[in-house]
Q: 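Quick one: structure below, then a few questions.
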Amino acid sequence: MIVRFGYVAMSVNVANASPSKTMTATSFCQIGDRDAALRKLGRIAEENLHNTLRLLRHNQAYDIHVFRFSSRLIPLVTHQVTEGWEPFSFLADHFREVGDYVRLHGMRTSLHPDHFTVMTTPRAEVLRISIADLEHQAHMLTAMGLDERAKCNIHIGGTYGDKPAALARFRERFPELKPEVRHRLTLENDDKTYTARETLDFAEEIGVPMVLDIHHHQINPGLDGPPEELWTRIRHTWERNEVDMLSRDPHMQASQPGELLPPKVHSSSPRNEQNRRAHADYVEPEPLFSFLRAIAAETPRLDVMIEAKQKDGALFALMKDLSDLPEVRRIDGATIEIKG
DNA sequence: ACCTGTCAAGTCTGG
DNA sequence: CCAGACTTGACAGGT
């Protein structure tokens with residue numbers, strides 16, 4: 001099994017390269033001239049996209065092929081105060097430049113809107129904002145010129161004391177989403193609400209890939225055992241999505257399952273005993289490695305997203321730890337092979 | 001240069 | 001029914 005590792009949004013090794021610079025709505029409104037305020041937001045967005053490109057160059061230099069973009073590249077764009085603002089035309093070249101670099105180097109990229117995007121909500125206004133945000137996220141990937149392999153990952157959402165009713169709302173809303181959103185959507189198991197099995201059942205039902213978060217499963221396993229017990233089904237959600245993508249896009253080609261878009265899992269470690277849900281600075285090799293060993297034989301390729309405070313620093317530290325193991329062969333700076 | 005409280009957003013819990 | 005926790009990076013306003 002070939003495993004590539006990636007990290008989220010910002011680097012501890014590239015100085016002054018935040019891709020998430022922003023402005024508060026309060027200070028936006030304090031600027032009397034609205035056009036001037038929008039121009040300022042636009043400049044921040046340009047800077048965020050420029051820093052994203054710098055991060056991608058860093059990634060390329062260190063063989064990191066998997067990366068999640070900041071979901072806040074354009075500050076306040078989905079906020080009420082910028083109603084009517086359309087920044088994509090003047091940012092077109094910047095988005096394109098980022099996407100061109102990704103495609104040139106065959107990187108895998110994604111987006112992860114934060115927890116305010118909730119497709120299960122009973123509140124109409126929250127749903128409206130959630131859908132608008134999903135459309136915005138998909139729009140960013142499209143503006144980069146990236147195909148459906150660039151996914152948009154979310155959690156199922158809240159339960160509101162009635163999981164079946166909440167899932168029913170998501171189920172009936174899903175077909176109403178724009179195809180460009182639907183075809184990029186992936187679902188991740190949650191650390192408080194929907195377990196890996198519940199997320200998997202639902203992902204299979206609506207036909208989207210499932211991102212397994214090993215840390216979330218540790219904290220919120222429900223009645224289930226180790227994550228590898230669900231793996232065959234999880235892997236199939238990705239293979240089914242590959243078939244769907246191939247049927248929609250004549251430019252895509254794959255000779256075997258997992259070649260177009262390998263399954264992706266998230267890996268992080270608890271911050272401490274008191275705060276087991278928060279992310280630690282670094283990632284412990286276990287339990288990640290026992291999971292990888294368990295699925296190696298049936299999985300040709302896998303991508304692992306490292307979620308840690310030390311970002312790419314944690315990725316490099318983990319690569320070093322894993323390289324010392326006898327079953328592991330290091331292929332490049334951020335890729336290993338595990339004998340299956 | 002550095003420190004601290006605050007920030008657009010939702011949901012859940014406990015009082 | 002309402003206040004506070006949750007969690008995160010960065011702003012904003014102070015020294």
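We name chains A, B, ... by the order of the sequence lines, and we start the count at 1 in each one. What you see is a predicted model; the values in this text were computed from it and never measured.
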Q: Going 5' to 3' on DNA chain B, which nucleotide is the first and which the last to come under 4.0 Å of a heavy atom in chain A?
A: dA8(B) to dC12(B)
Q: Who pairs with Y7(A) by ring pair (Phe, Tyr, Trp, His ring centres under 6.0 Å), at least two apart in sequence or on another chain?
A: F67(A)
Q: Looking at D63(A), D332(A), D303(A), which one forms a salt bridge (charged side-chain N to carboxylate O under 4.0 Å, His left out) with R4(A)?
A: D303(A)
Q: Going by ring pair (Phe, Tyr, Trp, His ring centres under 6.0 Å), name the residues that satisfy it together with F116(A), two or more places apart in sequence or in a different chain.
A: none
Q: Starting at the 5' end of DNA chain B, what dot-bracket string do you get if Watson-Crick and G-U pairs under 3.5 Å are bracketed, crossing pairs use [ ], other-strand pairs use | and unpaired bases use dots?
A: |||||||..||||||
Q: For residues 314-324 of chain A, which residue pairs qualify under salt bridge (charged side-chain N to carboxylate O under 4.0 Å, His left out), counting only residues two or more places apart or in two chains?
A: none
Q: Check ring pair (Phe, Tyr, Trp, His ring centres under 6.0 Å) between Y282(A) and all other residues, then give those that pass, not counting sequence neighbours.
A: none
Q: Could you check which residues of residues 124-132 of chain A get a heavy atom under 4.0 Å from DNA chain C? Sort them by number, please.
A: none
Q: Partners of Y62(A) by ring pair (Phe, Tyr, Trp, His ring centres under 6.0 Å), sequence neighbours excluded?
A: H58(A), F316(A)
Q: Just do the ring pair (Phe, Tyr, Trp, His ring centres under 6.0 Å) check on H266(A) and H279(A) with the steps written out, would you?
A: CA-CA 12 Å; H266(A) 289 177; H279(A) 291 164; 9.0 Å; no
Q: Assign T159(A) to base, sugar-phosphate, or nothing according to its heavy-atom contacts below 4.0 angstrom with the strands shown.
A: sugar-phosphate
Q: Out of curiosity, L322(A) CG to I338(A) CD1, how far, rounded to the nearest 0.5 Å?
A: 7.0 Å
Q: Please list, chain by chain and in numerical order, all residues satisfying salt bridge (Lys or Arg N to Asp or Glu O under 4.0 Å) with E135(A), sequence neighbours excluded.
A: K178(A)
Q: Which parts of nucleotides 4-15 of chain C does protein reach within less than 4.0 Å, heavy atoms only, written one letter per nucleotide 5' to 3' as B for base, S for sugar-phosphate only and - for none?
A: --SSSSSSS---
Q: Does R233(A) have any salt bridge (Lys or Arg N to Asp or Glu O under 4.0 Å) partners at least two apart in sequence or in another chain, and if so, which?
A: D201(A), E204(A)
Q: With sequence neighbours excluded, tell me which residues meet salt bridge (Lys or Arg N to Asp or Glu O under 4.0 Å) with D224(A).
A: R197(A)
Q: Can any side-chain N or O of S27(A) pair as donor or acceptor with the backbone N or O of T24(A) at less than 3.5 Å?
A: yes
